[in-house]
Amino acid sequence: MQATSPFPFANLSTELVLLIFAHAARPTFVETGDDASKNPYATALSLCRISKIVRRTVLPELLRTILLPEYNNVTAFVRTLRMQQAYALQGNDLHFDYAGRVGRIWFGQICEPPPQAPVHSSFASSTTPELGVDFSLLAPALLSAPSLALDFESLWLLYGCLESAWNSHIHMNDPERAPPPWNTNNLTLVGELNRWRPLTSTAEGSAFLASISRLSFLSPKRTETHLLPTYDPCFDDLEHRKYPLPAWMTSVPWDFFKRLRTVSLALPRIVLTVAAKTSLSEEDVDVEVLTLFDPPHSAYWEPKDISAYTESGEGCIVSVGVRAKLGDSSVQNRVSFDWEEAWARGLLK
């Protein structure tokens with residue numbers, strides 16, 4: 001059998017080679033049974049070791065979407081930012097401006113760690129502050145991203161970044177005239193809604209909410225939901241949509257969102273991709289997402305039935321494929337949604 005000759009990669013132009021590297025480095029964020037535990041950034045990280053020019057070509061693709069699902073991922077990212085800071089001070093060729101390249105960033109359910117016990121001065125040299133979160137390093141990267149998603153349990157990271165950036169901002173600028181120190185205008189919140197006050201009670205938090213133009217809400221990763229059988233689109237009488245918006249929406253401080261244009265939320269119902277199952281495991285399910293084009297701007301807001309918004313043209317519902325783990329096919333189920341994957345793939349727009 002004749003051996004296949006290798007592709008003449010070296011004969012390609014430098015520009016084309018770099019385009020190929022950039023395309024290969026782009027994460028897909030799609031898990032399959034064979035690579036469920038694979039790091040989506042593994043290819044990009046490997047390519048970064050080829051040369052400096054390849055590294056500078058690949059890093060923008062790696063930083064386009066950043067996923068930080070756990071606390072150790074956040075601290076590792078902060079260590080990387082600290083390393084870049086050191087490279088900048090040294091004038092090292094390996095320095096790369098992460099803050100200018102992050103397009104989207106996701107924080108999972110990351111609870112705030114308890115405060116560290118005071119350390120005697122004689123042991124100060126043996127402590128490792130690198131294990132914590134340095135907001136002066138994290139803030140420029142987090143707040144430069146136009147799109148930010150985080151669990152409500154992770155809001156302390158946003159609070160810390162806003163405080164750090166705002167203190168530097170008002171020290172060097174007139175906050176009345178200078179633009180805010182962030183680019184974020186698309187905010188996605190996951191989980192149980194709580195703790196709005198740290199945002200609404202501070203100048204930096206209020207200014208941040210006022211700059212958001214697109215707001216999305218996703219249910220907790222593990223939640224109760226209603227299963228709807230697959231229906232014939234020719235027989236869609238919208239009866240399953242004649243129910244009110246969730247009650248928690250009245251607790252959102254709508255009057256702080258001065259520039260809000262759209263609000264989206266995942267409805268607590270999913271449509272089975274196949275009819276009448278008796279046992280369900282992990283698979284893609286269709287989740288209904290409602291988008292309101294005329295969001296509330298007042299704290300005194302009374303929501304209507306969902307069908308009233310869709311029939312009047314004030315909103316629309318689309319089905320989004322989301323990976324989920326389900327139990328049996330009874331009326332109500334405990335479902336675990338993989339919101340992280342759906343958001344990373346750009347399905348929740």
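R26 approaches R64 most closely through the heavy-atom pair NH2-NH2, 4.2 Å. For T65 against Y41, the heavy-atom pair with the smallest separation is O-OH, 2.7 Å. Closest heavy-atom contact between Y309 and S312: O-OG, 3.2 Å. Nearest heavy atom pair, residue A24 against residue T43, reads O-CG2, 3.3 Å. Here the closest non-hydrogen pair linking F293 and C316 is CZ-SG, 3.6 Å. The shortest non-hydrogen separation linking L347 to G321 is CD1-O, 3.2 Å.
Applying the under-4.5 Å side-chain rule to Ile, Leu, Val, Met, Phe, Trp and Tyr, the cluster around Y87 extends to M83, L94.
Q85 has its side chain within reach of L137: a pair of non-hydrogen atoms, C-beta onward, lies under 4.5 Å apart. Using a 4.5 Å heavy-atom cutoff, the side chains of R55 and R49 are not in contact. Residues L265 and V289 have side chains not in contact (no heavy-atom distance under 4.5 Å, counting atoms from C-beta outward). Between M249 and P303 the shortest side-chain heavy-atom distance does not fall below 4.5 Å. You'll find the side chain of I20 reaches within 4.5 Å of the side chain of L12, heavy atoms only. For the pair V54/C48, no side-chain contact is recorded, criterion being any heavy-atom separation below 4.5 Å from C-beta on. Between V320 and D286 the shortest side-chain heavy-atom distance does not fall below 4.5 Å. In this structure, V58 and L45 have side chains that are not in contact, with every pair of non-hydrogen atoms separated by 4.5 Å or more.
Checking side-chain atoms of Y159 against main-chain N and O of L199 turns up no donor-acceptor pair under 3.5 Å. Formation of a donor-acceptor pair under 3.5 Å by the D305 side chain with backbone atoms of S307 is not found in this model. Formation of a donor-acceptor pair under 3.5 Å by the R259 side chain with backbone atoms of I212 is not found in this model. Although no hydrogens or angles enter the test, the distance criterion places a donor-acceptor pair under 3.5 Å between the side chain of T75 and the main chain of N72. Judged purely by atom type and a 3.5 angstrom limit, S213 has no side-chain atom pairing as donor or acceptor with the backbone of R261.
Note: Y98 and F96 have perpendicular aromatic rings, judged against thresholds of 30 and 60 degrees for the angle between ring planes. Note on ring orientation: taking the six-membered ring where Trp is involved, the planes of W343 and W106 are tilted (angle from 30° to 60°).
Note that CG of N186 and OG1 of T188 are 5.0 Å apart. Values are rounded to the nearest 0.5 Å. For the atom pair F135 CZ and N167 CG, the distance stands at 12.5 Å (nearest 0.5 Å). The distance from the CD atom of E341 to the CZ atom of F29 is 10.5 Å, given to the nearest 0.5 Å. The distance from atom OG of S264 to atom CD1 of I317, rounded to the nearest 0.5 Å, is 11.0 Å. For the atom pair OG (S219) and CG (L267), the distance works out to 10.0 Å, reported to the nearest 0.5 Å. Between R104 atom CZ and L67 atom CG the span is 8.0 Å, to the nearest 0.5 Å.
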Using distance only, find each side-chain donor-acceptor pair of residues 139-152 under 3.5 Å and give its atom names and separation, not counting sequence neighbours.
| from | atom 1 | to | atom 2 | distance (Å) |
| --- | --- | --- | --- | --- |
| S144 | OG | A99 | O | 2.5 |
| S144 | OG | P140 | O | 3.1 |
| S144 | OG | A141 | O | 3.0 |
| D151 | OD1 | E153 | N | 2.8 |

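Sparse packing is recorded around CG of D294, with 12 or fewer heavy atoms of other residues, nucleotides or ligands lying under 6.0 Å away.
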Q: Could you give me the CA-CA distance, side-chain angles and deciding distance for N73 and I110, then say whether side-chain contact (heavy atoms from CB on, under 4.5 Å) is met?
A: CA-CA 10 Å; N73 301 119; I110 304 170; over 6 Å; no

Q | From CA spacing to verdict: side-chain contact (heavy atoms from CB on, under 4.5 Å), L189, L218 | A | CA-CA 6 Å; L189 297 171; L218 302 177; over 6 Å; no

Q: Verify side-chain hydrogen bond (donor to acceptor under 3.5 Å, both in side chains) between W182 and S211, making sure each step is shown before the conclusion.
A: CA-CA 9 Å; W182 52 74; S211 64; 3.0 Å; yes

(Q) Between D134 and S136, is the side-chain hydrogen bond (donor to acceptor under 3.5 Å, both in side chains) condition met? List the steps. (A) CA-CA 5 Å; D134 187 339; S136 66; 2.5 Å; yes

Q. When you look at V74 and V133, which way does the side-chain contact (heavy atoms from CB on, under 4.5 Å) test go after all the steps?
A. CA-CA 8 Å; V74 176; V133 176; 4.1 Å; yes

Q: Under the side-chain contact (heavy atoms from CB on, under 4.5 Å) rule, what do E112 and S154 come out as? Steps first, then yes or no, please.
A: CA-CA 7 Å; E112 184 174 6; S154 306; over 6 Å; no

Q. Ring pair (Phe, Tyr, Trp, His ring centres under 6.0 Å) between F256 and W196: does it pass, once the steps are laid out?
A. CA-CA 11 Å; F256 282 82; W196 285 105; 9.2 Å; no

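Side-chain heavy atoms closer than 4.5 Å link hydrophobic residues (I, L, V, M, F, W, Y) into clusters, and following such links, possibly through other members, connects I50 to I53. Residues L19 and L47 are members of separate hydrophobic clusters, defined by side-chain heavy-atom contacts under 4.5 angstrom among Ile, Leu, Val, Met, Phe, Trp and Tyr.
Residues F208 and W166 place their aromatic rings such that the two centres sit no closer than 6.0 Å.
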